[in-house]
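Everything below concerns the one structure shown next.
Here is how names work: the chains are called A, B, and so on, in the same order as the sequence lines, proteins then strands, and each is numbered from 1.
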Amino acid sequence: MKRVCFGLLVLGVGLWLASPSHAQKRGRNKEDSGKYGWLSSLSGAKEQARKTGKPLMVVIRCVP
Amino acid sequence: MRVRLTRIEGLDLSLFDFDFDLTLMMFFMDAEDKVYARYGGRDSENADNRQSLAGLRYTMQAVLATHRQQDKEFAPRSAKKSPVASRRFGGRGCLHCHQVKERENATLSRADKWDQMHRYPLPDNLGLLLEVDRGNIVKSTKEGSPAAKAGLRQGDLIRRLADVPVHSFGDAQFALDRARKDKTLAVSWQRGDEILWGQIDLPADWSKTDFSWRRSLRRWIASSRLNGKDLNVQEKKDLGLSDKQLAYRPSTPLHARVLKAGIQDGDIILGVNDRILETDVNGFHEYVRKNFLADDRVDINVLRAGKRLKIPMTLSR
């Protein structure tokens, strides 16, 4: 019985970790940033701005 | 290139110099750390009523036009003593923007420089209202105000305030913040095809702004603990007061601190420090928040049984 419970627990945790909602929470910021072309590195953005000759838009957002 | 930063530690504050009580600020710059424009800002009423998507688009278009020019115009850079934000500024974990401001406030408190706490004053303080969707266009000027006296009129496009090119409300606030200790502020504007210049006279205490929304100053927000109800026009007339003058009856039971000061049931509140205020009870509270700090000692002007009294009181937090 204990083995069955333990197995179910492991399975449940595994499914939760693999679930889209967990993955979404875990990587939401990065995915959103990438999806809409936002960068999170100021130095990287400056380097790209130098190469392309484009200006930079830097958004400082205090996330509670 | 678009960059979104959600942490302030490690940033150069002489470059990213802004109102650190804000939770959102945008900088438009080139790759060599030269700032074209800022976008952001708020007032005590609402966090959003000075911003709009149309306003952001307007500023972005102005920045792109400037970026394409041969002779580019940049905002001046401030010289801060502690230019890089670090965790030593306060708090554990992520360093919030307002914690940078709290550190500055603590320094000012020790140096007894409270007058410098009114940072990033509103253009409204000079009688200058800017459009939200076009942040450098004059929406209106208040009659007789410093802005009106300088010659600014509705529809004018403000080009520069002192040495700051203005493309947005955020730029205007940045320029005003730099002018807090000055007596005058140079202004350049465009009216039709004409470029005009003038000087805005900066009166004493012009930078005082209601800071009740500022998280960094929450422990210094003053309260009289005197809530109440305005007298009606007839009641004011019966007492020989003008219908616009502040006159209200405090709600009962009175707060213990108010009672301790000596204010009684039935007293009529007329003002503070002998200041005749043409406002209502809400305007009185705003005036107190704007002009005093918690723990300040003031005289509350009271009408009691036909007699005018001055009752000393320490303002609460």
Side-chain angles (χ1 to χ4, degrees), chain A, chain B residues 1-13 15-40 47 56-57 59-69 72 74 85 91 93-101 167 170 215-216:
Chain A
M1 185 63 186
K2 279 184 181 174
R3 278 186 188 177
V4 173
C5 287
F6 181 73
L8 285 171
L9 183 66
V10 169
L11 183 65
V13 171
L15 285 171
W16 178 74
L17 285 173
S19 69
S21 64
H22 178 75
Q24 191 182 355
K25 279 178 191 168
R26 194 179 48 201
R28 186 172 55 195
N29 283 338
K30 280 190 175 179
E31 283 172 13
D32 283 356
S33 298
K35 188 176 171 185
Y36 297 108
W38 288 92
L39 304 170
S40 55
S41 160
L42 181 60
S43 55
K46 279 190 207 171
E47 203 173 304
Q48 286 198 38
R50 274 190 206 100
K51 282 180 190 166
T52 58
K54 289 181 179 176
L56 286 154
M57 175 185 184
V58 182
V59 175
I60 298 177
R61 179 79 173 100
C62 190
V63 179
Chain B
M1 291 294 120
R2 287 167 290 167
V3 193
R4 184 173 182 263
L5 304 174
T6 55
R7 298 171 78 94
I8 198 168
E9 51 259 59
L11 288 186
D12 183 342
L13 299 182
L15 172 63
F16 295 105
D17 187 11
F18 68 102
D19 186 341
F20 295 114
D21 277 306
L22 296 173
T23 54
L24 175 70
M25 193 70 197
M26 299 176 208
F27 287 81
F28 297 96
M29 50 193 268
D30 73 359
E32 309 310 320
D33 288 348
K34 290 178 181 170
V35 174
Y36 289 117
R38 289 161 163 77
Y39 192 83
L56 175 59
R57 189 182 304 118
T59 303
M60 290 170 84
Q61 285 168 341
V63 167
L64 288 172
T66 308
H67 184 70
R68 284 193 285 264
Q69 286 174 2
K72 299 174 173 46
F74 297 101
C94 177
L95 176 68
H96 292 272
C97 299
H98 68 87
Q99 288 170 326
V100 176
K101 183 86 185 307
H167 302 292
R215 191 158 175 191
S216 71

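No side-chain heavy atom of Leu5(B) sits less than 4.5 Å from a side-chain heavy atom of Arg61(A).
Residues meeting the side-chain contact (heavy atoms from CB on, under 4.5 Å) test with Met1(B), sequence neighbours left out: Leu39(A), Gln48(A), Ala49(A), Thr52(A), Lys54(A), Leu56(A). For Arg50(A), the side-chain hydrogen bond (donor to acceptor under 3.5 Å, both in side chains) test picks out Glu32(B), with sequence neighbours left out.
Chain A is approached within less than 4.5 Å, heavy atom to heavy atom, by Leu64(B), His67(B) from residues 62-69 of chain B, ordered by number.
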Original post:
Yes or no on ring pair (Phe, Tyr, Trp, His ring centres under 6.0 Å) for Phe27(B) and Phe16(B), after CA distance, side-chain angles and deciding distance?
Top reply: CA-CA 8 Å; Phe27(B) 287 81; Phe16(B) 295 105; 5.1 Å; yes
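For the pair Arg2(B) and Trp38(A), the distance from NZ or CZ to the six-membered ring centre is under 6.0 Å and the angle to the ring normal is within 45 degrees.
Looking at Tyr36(B), only its side chain comes within 4.5 Å of chain A, counting heavy atoms on both sides.
Atom-to-atom distance recorded for Ile60(A):CD1 and Arg4(B):CZ is 12.0 Å, nearest 0.5 angstrom.
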